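Here is the structure we will look at.
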There are 2 protein chains.
Amino acid sequence: MARPRQALLTRQRIVEAASAMIDAEGLAALSMRRLATELGVQGPSLYNHFATKAEIVDAVAESVVAQVDVDVFTGADWRDGLRLWAKSYHAVLTAHPNIVPVLATGPGRRPAGLAMAEAVYGALIDAGWSRARATHIGALMRYLITGSALGSFALGFAADPELYARYPHLHRAHELAAHHDEVDEGAFALGLDLLITSLSDRYDQGVRR
Amino acid sequence: MARPRQALLTRQRIVEAASAMIDAEGLAALSMRRLATELGVQGPSLYNHFATKAEIVDAVAESVVAQVDVDVFTGADWRDGLRLWAKSYHAVLTAHPNIVPVLATGPGRRPAGLAMAEAVYGALIDAGWSRARATHIGALMRYLITGSALGSFALGFAADPELYARYPHLHRAHELAAHHDEVDEGAFALGLDLLITSLSDRYDQGVRR
DNA sequence: GCGTTAAAACTTACGCCGCTAGTTTATGCC
DNA sequence: GGCATAAACTAGCGGCGTAAGTTTTAACGC
């Protein structure tokens, strides 16, 4: 086959297939040949649309970050905005955990990342936080959100009770995997609540830097 | 060369070389052949000491986690213990950021991870926190620590001012990279402080679950 | 001391990887 | 209609993890 009447590939189709493959089987399972096969095409044809594999992975990361709702800041109190944004971001990353390590590199290099930084930082500045503190708060929220999405804490413990025999306090750690939803979501919710309420306390006391 | 009088390789030498290579050039740069060359040996010889590459990477992760100081909890108030442990953990990960994505998988599967979980969870339980809350707090601290180590927030912004023209609040974002130490460390310190003081408040009010 | 077994290096090779180069053919513009 | 470009193709390079089998040496039981 040479050039077809209707192009078989588009950047969007490629990104969607790559995203699905990463979600389903992980970053390491994505290869150019497998992705091409999924799209009904030979491997090197992908290079007519993206220069490198890294560009494809980057486009997937961009498409994920773009799903985060940053409109929540408009007209809202900074506390409410922060809380809603964090929940949206968390939900998006929880739906696509395998791409999270990629998001860690260069949050301010992808368009969607810049738009998000603008919204978050702008809301904090407008609320009266100092530039330095607004930066810290933005980075800190990011730490909590990506850290919690990087991998399930609860699922990191094996379900075999034998393994915990030598650790007196961990004798029920084998039950964690069964309740991983409650554990992981509970920890994130606690963290978000603690951070925002204590920031709010400082704010109300006039400590804004 | 066949079997030498003195073994050229040991598991420890392999792990040390792999760790150095990951620190210097990143996870992706570690290959069995390159690692073997570094050790003065042919690629497949490594398989006499480790069954797979993943086992080597796992051993590197274990050796990194083992550097975290978990003795800080003995005899200390839970707040002080938590703070010192978090700082130690943070310092270790900051020194070895490239291995962080590996640490995310299975914190409760490596011996050093279990020993750490035992120490942290035990200290919280002994202080009177409920089992569920102690688990949440442990997971939450982990989120903050790994999240902050996953990648520099400040270095994620390019130093080219042109890129921020469309984002009114980010007009000084190009300066972030130059102050990345203060930004990243400041954000982590703020997060640690906010979490522990607000947990402490709850604790003192008798809310321990 | 000697024969056997196991350890630790080696060489070779398989299938997969990202990617380059060159080819073919259809499309769309002058 | 001629022609540059786009989008598919095939062939192939060097590197990857790792399996298989070989060789030499060390360690151990008689």
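Protein chains get the first letters and strands the later ones, always in sequence-line order, with residue 1 at the start of each. Bear in mind the structure is a predicted one, so any value in this text is a computation, not a measurement.
The side chain of B/Ser31 approaches D/dC16 more closely than any other nucleotide in the set C/dA9, D/dC16, C/dG18. The A/Ala7 side chain lies nearest to D/dA8 when the options are D/dA8, C/dA21, D/dA20. Relative to the side chain of A/Pro44, the nucleotides C/dA21, C/dC10, D/dA8 differ in distance, and C/dA21 lies closest.
When the P atom of D/dT10 is taken as reference, atom CE of A/Met32 falls 17 Å away, rounded to whole Å. The CD atom of A/Gln42 sits 14 Å away from the P atom of C/dG18 (whole-angstrom rounding). Atom CG of B/Leu8 and atom P of D/dT24 are 16 Å apart (whole Å). In this structure, A/Leu35 places its CG atom 15 Å from C1' of C/dC16, rounding to the nearest Å. Summarising the geometry, the separation between CG on A/Leu39 and C1' on D/dA7 is reported as 14 Å, rounded to the nearest angstrom. Here the C1' atom of nucleotide C/dC10 and the CG atom of B/Leu9 are 12 Å apart, to the nearest Å.
With A/Asp23 contributing its side chain and A/His96 its backbone, the two residues share no donor-acceptor pair below 3.5 Å.
The side-chain tip of A/Arg11 points at the ring of A/Phe50 from less than 6.0 angstrom away and within 45° of straight on.
By the 6.0 Å contact criterion, CD on B/Gln12 is open, its count of non-hydrogen atoms from other residues, nucleotides or ligands being 12 or less.
Between the side chain of B/Arg33 and the base of D/dG15 there is no donor-acceptor pair of N/O atoms closer than 3.5 Å.
Contacts of A/Leu30 with the nucleic acid, taken as non-hydrogen atoms under 4.0 Å apart, involve only primed sugar atoms and P, OP1 or OP2.
By the 4.0 Å N-to-carboxylate-O rule, A/Arg34 lies close enough to A/Glu25 to be salt-bridged with it.
Atom CH2 in B/Trp129 sits 8.0 Å away from atom CG in B/Leu124 (nearest 0.5 Å). Considering CG of B/Leu163 and CG of B/Leu170, their distance stands at 11.0 Å, rounded to 0.5 Å.
Near DNA chain D, meaning a heavy atom under 4.0 Å from it, residues 45-58 of chain B has B/Tyr47, B/Thr52, B/Lys53 in order of number.
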Worked check of side chain to side chain donor-acceptor pair (under 3.5 Å) between B/Glu185 and B/His180 | CA-CA 8 Å; B/Glu185 291 303 312; B/His180 65 96; over 6 Å; no
